[in-house]
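Chain A is the first sequence line, chain B the second, and so forth, proteins listed ahead of strands; every chain is numbered from 1.
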Protein chains: 2
Amino acid sequence: MEAGVEATARRRVTAADVAKDAGVSRATVGYVLNGTPGQTISQPTRERVLASARRLGYQPNQTARTLASGRSRIVLFLMPDWPVEFRLRSFLDAVSAELGSAGYSLVAHSHVPGHGAPPLWESLNPDLVVSAVPIEPAALAAMRTSGARVLAPDTQDGIGIGGLDLSRGVSAGLEIQVGHLHERGHRRLVYAALSEPRLSSLVSARHRAAVAHARVLGLPEPPLVRLDYRDRSAVDAVHRWHAEGVTGVVAYNDDAAALVVGAAVRAGLQVPDDLAVVGHDDVPLASMFVPKLSSIRLDTEALGRRFAEAVLHHLDRRPLPDWIPVRPLLVRRETT
Amino acid sequence: MEAGVEATARRRVTAADVAKDAGVSRATVGYVLNGTPGQTISQPTRERVLASARRLGYQPNQTARTLASGRSRIVLFLMPDWPVEFRLRSFLDAVSAELGSAGYSLVAHSHVPGHGAPPLWESLNPDLVVSAVPIEPAALAAMRTSGARVLAPDTQDGIGIGGLDLSRGVSAGLEIQVGHLHERGHRRLVYAALSEPRLSSLVSARHRAAVAHARVLGLPEPPLVRLDYRDRSAVDAVHRWHAEGVTGVVAYNDDAAALVVGAAVRAGLQVPDDLAVVGHDDVPLASMFVPKLSSIRLDTEALGRRFAEAVLHHLDRRPLPDWIPVRPLLVRRETT
DNA sequence: ATGACGGACTTGCGCGCGCAAGCCTCGCAT
DNA sequence: ATGCGAGGCTTGCGCGCGCAAGTCCGTCAT
């Protein structure tokens, strides 16, 4: 670490410095640099200001700007403490890129309940808080009184977000999972998930969707089974299913699918003949597993772009455009 | 969405409102609420102020506070666009919790190069930017002139952070991987990674560490092999290794290990007799795979706590305590 | 010559807060 | 009676910026 840096740490350059340097008033600097409409600035002055700003390395202080204008150009995206696997990641990247080109910064944050950190929405003063999960009324009130607009799902069920129905895409994926097993001749199904407490709300929401679609197809309702990869629960479950005549497993995600398939293989069952399994998310691992996992792939990038678009509409208080669903894709491999 | 909310959206309550309500000056409100040392406030006044604040639901405006005090109590953690898998996640959670209890908010952000979003450090005005990867001089200068202190690794190599040598833990893991294979009698090793461009800097750093440790043990240098799960590269590699007498694979992470093991099984090789594989990270999947993957587990939570502690020291400009390394753990399963 | 008008700026207030410095009012020592 | 110091507040400035409302001056129609 060079020592000179600290010495150079003089006061940061403000608009006043630029003004003095360019021989104009501070307001003029603001008008030039912001291109404020309705203000006419002569070309020579404009150039002098721009030259001074560049020369001094002027960086507007966003904090002051936020205070003065009342807008921070920050969007806070609140998630439950989901594991951020790579699809969610590419979703966030897409959202971030899209919002970025409109001048907004996305801050994605996983809220871990009950660790006494100061709430992020207070420090950030975001223009908009988008939450993927319902927010307790108290916290919601706190956000609103702190000036932010909040977009959160109203139902307990899902990850629908305000007008933006993300859960549509999810339930569509489920319909494909269930439909695929049905089509392959499986009648008795179960819904399998890892006993990961952080995901339990999502799990039960999806399970409900699975039940609903099974009913539509005239199948018996698939029970929800939570498995733990640290014990024998998966192996036991597989044996039980085999005895009971269950032949199809709808997995919450590819991890759950892998666990089931692994247990089945170890139990000596034939996959997919004795037991067929469909995962969800199509993580890279799905195609490395032996046997390769059938799964559902969502175009999360497209989803992210759509989502960002909707967020931008919301920021401008424009009515939301029609939500064109992003169709999930079935990737058929060796487990069905 | 209830309609009443918008109507209720009156101006947010400020310290001035509280002052008026309590019949004191605005400064007094500040002194009471901040417990400013060196200011004596009588008990009755203090209680009146606290009561008013509570009654009105006063929330200090952090933006104004940041502007006035010059400190935002935000720490920005910059990562390359690593896939945020679950170990990194638990690391971040631990850091966040630890910083939170000291009144700081952690904002973790993956910088995706070249998407034209406004840089986050400007909007956030963080007290400290901690970067896991080296920062280009230009960006570093920009951060510093915008007032933030910056902690970034000086070497090109790794994820060492300022004085906090995270890379120590990593290379320790590698030594265990290489040492374990060596101990099991393997002499010709390769270092296998996924051809994920986002990880390439980490991959080459770790590969160098693997080479270094192999040399220490008197083994030939393990070459770096990048595999792609979307093509036949893994299967081809496995065949080649078998022909060349390579019997041990040090994998960059469990994904890479899974890919190699899967390819070996499909090629009809015996794991671990023909080919032994050690992964890294011990993701849940590692114990679900067939065969179960041997792997390295890092206590990322402990690592996170240590790290946060170091960050706090830095924030207070206290000298860093001695860095006690967090020892990685070898989890031996079926692939070695 | 007079005024209206618009271009090209400047003055100044406000955002909400932290904090230094000032101002009373007591009680108590002299 | 006077001085004095401390407790308990208030006044007021500054943080850096956006933006409304001036001010000044040259031009052009009347």
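A straight line from CD of B/Glu47 to P of D/dG8 spans 14 Å, rounded to a whole angstrom. In this structure, B/Gln62 places its CD atom 11 Å from C1' of C/dG16, rounding to the nearest Å. Nucleotide C/dG16 holds its C1' atom 7 Å from the OH atom of B/Tyr58, rounded to whole Å. To the nearest angstrom, C1' of D/dT10 lies 11 Å from CD1 of B/Ile41.
For D/dG18, the OP1/OP2 oxygens have no side-chain nitrogen or oxygen of A/Ser69 closer than 4.0 Å. For the pair B/Asn34 and C/dG18, the criterion of a side-chain N or O lying under 4.0 Å from OP1 or OP2 is met.
Rounded to 10°, the helix from C/dA1-D/dT30 to C/dT30-D/dA1 has 70° between the axis fitted to its first five pairs and the one fitted to its last five.
Within 4.0 Å of A/Leu67, counting heavy atoms only, lies at least one base atom of the nucleic acid. B/Thr14 comes within 4.0 angstrom of sugar-phosphate atoms only, judged by non-hydrogen atoms across all strands, and of no base. Among the protein residues, B/Thr45 comes within range of the sugar-phosphate backbone only, with heavy atoms under 4.0 Å from sugar or phosphate atoms but none that close to a base. Within 4.0 Å (heavy atoms only), A/Ser42 reaches sugar-phosphate atoms of the nucleic acid but no base atom. Using a 4.0 Å heavy-atom criterion, one finds that B/Ala15 contacts the sugar-phosphate atoms exclusively.
Under 3.5 Å, the side chain of B/Gln39 and the base of D/dC9 form at least one donor-acceptor pair of N or O atoms. One donor-acceptor pair, N or O on each side, does fall under 3.5 Å between the base of C/dG18 and the side chain of B/Arg26.
Note on ring orientation: taking the six-membered ring where Trp is involved, the planes of A/Phe307 and A/Phe77 are perpendicular (angle over 60°, cut-offs 30° and 60°).
Along DNA chain D, the nucleotide closest to A/Arg65 and the one closest to B/Ala64 are compared, and the more 5′ of them pairs with B/Ala64.
Among the nucleotides C/dT10, D/dC17, C/dG7, the one closest to any side-chain atom of A/Thr40 is C/dG7. Closest contact between the side chain of B/Ala68 and the listed nucleotides D/dG14, D/dT10, D/dC17 involves D/dG14. Side-chain proximity of B/Tyr31 to C/dG12, D/dT10, D/dG16: nearest is D/dT10. Nearest to the side-chain atoms of B/Ala27 among the listed nucleotides D/dT11, C/dT10, D/dC17 stands D/dT11.
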